[in-house]
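Read through the structure below, which is laid out as structure tokens, and then see the notes.
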Amino acid sequence: MVITFKSGKIIVTAHELVVRLEGEHKVTLQAQVDSIQLIGNGANVISANGSECKWSIKLDNEQQLNQISAELCCAII
């Protein structure tokens, strides 16, 4: 599944999540599903916290977070 948001694209598979940010630097953030946390209640944030990396990114709206939650079978906290 590919979700487009104002800063780029989010690619979600059963095993990983990849965020590709648009712009001059072409930043790519990648995380395994086990290290992903979805934060709702208006924050609409994807947070990745693994043994080797830590990052988070704010989404445009709650609908995008719900789509990711459904695809990953991951609860929103």
Side-chain angles (χ1 to χ4, degrees):
M1 164 186 277
V2 177
I3 299 170
T4 302
F5 72 117
K6 68 179 178 183
S7 297
K9 294 184 181 189
I10 301 166
I11 301 152
V12 184
T13 70
H15 305 288
E16 70 179 355
L17 183 137
V18 177
V19 179
R20 291 189 178 165
L21 300 177
E22 295 177 352
E24 177 182 349
H25 301 293
K26 304 288 184 192
V27 175
T28 300
L29 306 170
Q30 183 175 359
Q32 299 296 316
V33 172
D34 295 343
S35 64
I36 296 291
Q37 189 175 39
L38 303 176
I39 304 167
N41 295 324
N44 304 324
V45 171
I46 301 170
S47 175
N49 190 1
S51 60
E52 298 173 2
C53 69
K54 187 174 195 175
W55 57 264
S56 65
I57 192 157
K58 183 168 176 51
L59 301 176
D60 299 335
N61 56 54
E62 190 175 354
Q63 181 184 11
Q64 293 167 335
L65 194 66
N66 289 331
Q67 289 176 319
I68 294 168
S69 174
E71 186 71 24
L72 297 179
C73 296
C74 178
I76 299 171
I77 60 167

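Atom set for the values below is all heavy atoms of this structure, side chains included, hydrogens, waters and symmetry mates excluded.
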If you apply the rule side-chain contact (heavy atoms from CB on, under 4.5 Å), what do you find for Ile57 with Phe5, and how did you get there? CA-CA 11 Å; Ile57 192 157; Phe5 72 117; 3.8 Å; yes
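Note: the hydrophobic cluster containing Ile3 does not contain Val45 (ILVMFWY, side chain heavy atoms under 4.5 Å, direct or indirect links).
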Which donor-acceptor pairs under 3.5 Å do side chains of residues 58-66 form with protein atoms, sequence neighbours excluded?
unit_1	atom_1	unit_2	atom_2	d
Lys58	NZ	Ala43	O	2.7
Asp60	OD2	Lys6	N	2.8
Asp60	OD2	Gln64	NE2	3.4
Asn61	OD1	Gln63	N	3.1
Asn61	OD1	Gln64	N	3.0
Gln64	OE1	Asp60	N	2.8
Gln64	OE1	Asn61	N	3.3
Gln64	NE2	Thr4	O	3.3
Asn66	ND2	Glu62	O	3.4

Show me the side-chain donor-acceptor pairs of residues 33-41 shorter than 3.5 Å, one per line, residues at least two apart or across chains.
unit_1	atom_1	unit_2	atom_2	d
Ser35	OG	Gln32	O	2.9

What side-chain donor-acceptor pairs closer than 3.5 Å can you find for residues 8-21, not counting sequence neighbours?
unit_1	atom_1	unit_2	atom_2	d
Thr13	OG1	His15	N	3.3
Thr13	OG1	Glu16	N	3.1
Thr13	OG1	Glu16	O	3.2
Glu16	OE1	Gln30	NE2	2.4

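Here OG of Ser56 is found 9.0 Å from NZ of Lys54. Values are rounded to the nearest 0.5 Å. Asn49 contributes atom CG, which lies 11.0 Å from atom CH2 of Trp55 (distance to the nearest 0.5 angstrom). Distance check, rounded to the nearest 0.5 Å: CD1 of Ile77 to OG of Ser69 gives 11.5 Å.
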